[in-house]
Amino acid sequence: RPKLADFVRWPMTVCIAIACDYGYEKRTPKVIFIADRLASGETTSIDQAQKLVHITENWYVMFAGNDTSFVTPILGVLNAELEEEVNEAKIALKLTEIYQTVRINQVQDAVLRPLGLTLERFLSEGKELFPPTQYAQLYYQIESFDLGCQFLIAGFRKGAQIANIFHVQNPGIFFPAEMLGFSAIGSGAANALSYLALREQVP
């Protein structure tokens, strides 16, 4: 089986979820979670982060990014709003909704509030308030604003024998990976996914 060392030979961050043990008698389907321990904030980083978080029964989330400052508030709201029995659709929709809300709030605080504007007002009146060049610059700042973090979620809906795996990334969209049986996030994700594909990893 792949070992963590196979994925982290270089100074990068990666979180991986792999579904396994499907179709074997007397084996319960599982998800293997693999992650480094590097977490970065706006001004510093640590190498002892716990990147696997239990969110509700049978569901776990991992996080990665060049700025993980917003991980705790996003997961805090997610935990508060999830019921005990959930499925992948509810978790995906709720997490993307929270992600988008936090991102919009940060865009407003960082880009528009210093100008006395809300996002709604900028979108409706911005072309009248600013010269074309300044409007285009502000619009680009809003469109390209990145929270700097992404999430990898995996688990089983109650009674299911197939794991659900998906990830959520900027600007708040999710990508399912059930058919593939594995997914990865972080700066090392491309290497990890290529390695698993090369090894013909299957559930």
Side-chain angles (χ1 to χ4, degrees), residues 1-24 27-41 45-55 58-71 74-75 78 87-100 103 144-157 160-203:
R1 290 183 183 271
K3 297 181 177 67
L4 179 58
D6 292 322
F7 300 103
V8 292
R9 290 174 184 154
W10 306 276
M12 57 181 61
T13 181
V14 65
C15 297
I16 307 162
I18 305 172
C20 66
D21 283 351
Y22 287 23
Y24 288 98
R27 287 194 191 178
T28 305
K30 303 173 185 70
V31 177
I32 295 173
F33 297 94
I34 304 168
D36 66 285
R37 302 194 72 179
L38 178 66
S40 301
S45 63
I46 61 171
D47 59 4
Q48 292 299 316
Q50 173 57 275
K51 291 188 170 182
L52 180 65
V53 181
H54 180 229
I55 49 175
N58 296 328
W59 290 94
Y60 290 82
V61 60
M62 292 191 290
F63 61 88
N66 55 15
D67 185 353
T68 56
S69 305
F70 296 104
V71 167
I74 288 173
L75 293 184
L78 181 66
N87 59 41
E88 69 287 352
K90 286 182 182 177
I91 294 176
L93 291 173
K94 182 57 66 178
L95 183 54
T96 54
E97 177 187 313
I98 296 166
Y99 195 111
Q100 291 165 5
R103 180 179 176 275
S144 61
F145 188 89
D146 191 339
L147 280 183
C149 59
Q150 46 190 171
F151 299 89
L152 177 56
I153 301 93
F156 295 85
R157 71 163 71 194
Q161 293 296 303
I162 297 175
N164 292 109
I165 301 173
F166 60 92
H167 71 270
V168 174
Q169 66 183 44
N170 199 72
I173 50 179
F174 80 95
F175 299 88
E178 288 84 7
M179 296 295 291
L180 192 60
F182 56 85
S183 188
I185 59 172
S187 59
N191 287 347
L193 293 170
S194 298
Y195 181 87
L196 289 165
L198 183 66
R199 293 291 299 272
E200 299 182 351
Q201 171 68 32
V202 293

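Side chains of N170 and F145 form no contact here, defined as non-hydrogen atoms less than 4.5 Å apart. Residues I165 and I18 are not in side-chain contact: their nearest non-hydrogen atoms beyond the backbone lie 4.5 Å or more apart. Between L196 and L180 there is no side-chain heavy-atom pair separated by less than 4.5 Å. With contacts defined as side-chain heavy-atom distances shorter than 4.5 Å, the pair I74/F151 qualifies. Residues V14 and N191 fail the side-chain proximity criterion, which asks for heavy atoms closer than 4.5 Å. K51 is not listed as a side-chain neighbour of T68, based on a closest heavy-atom distance of 4.5 Å or more. Side-chain contact between F174 and L95 is absent, with no heavy atoms from C-beta onward closer than 4.5 Å. At least one side-chain heavy atom of N164 sits less than 4.5 Å from a side-chain heavy atom of W59.
Residue S69 holds its OG atom at 10.0 Å from CG of L147, rounded to the nearest 0.5 Å. In this structure, CG in L75 is found 7.5 Å from CD1 in I55, a value given to the nearest 0.5 Å.
Residues Q150 and I185 share a closest heavy-atom pair of O-CD1, 3.5 Å. For C149 against D67, the heavy-atom pair with the smallest separation is CB-O, 3.6 Å. Residue G186 comes nearest to A64 through the heavy atom pair CA-CB, 3.8 Å, listed as atom of the first residue, atom of the second, then distance. Counting all heavy atoms, side chain and backbone alike, M62 lies closest to A17 at CE-N, 4.1 Å. Closest heavy-atom contact between P171 and Q100: O-CG, 3.5 Å. Nearest heavy atom pair, residue L78 against residue I91, reads CD1-O, 4.5 Å.
Qualifying side chain to side chain contact (heavy atoms under 4.5 Å, CB included) partners for A189, counting only residues two or more places apart in sequence or in other chains: A184. Residues forming a side-chain hydrogen bond (donor to acceptor under 3.5 Å, both in side chains) with Q169 (at least two apart in sequence, or on another chain): H167. Residues satisfying the side chain to side chain contact (heavy atoms under 4.5 Å, CB included) criterion with Y60, sequence neighbours excluded, are F33, L52, H54.
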When you look at I32 and F182, which way does the side chain to side chain contact (heavy atoms under 4.5 Å, CB included) test go after all the steps? CA-CA 9 Å; I32 295 173; F182 56 85; over 6 Å; no

Do Y195 and Q201 pass the side chain to side chain contact (heavy atoms under 4.5 Å, CB included) test, and can you show the C-alpha distance, the side-chain angles, and the key distance before you say yes or no? CA-CA 9 Å; Y195 181 87; Q201 171 68 32; over 6 Å; no

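Using a distance-only test at 3.5 Å, with no hydrogens or angles considered, no donor-acceptor pair links the side chain of T96 to the main chain of G172.
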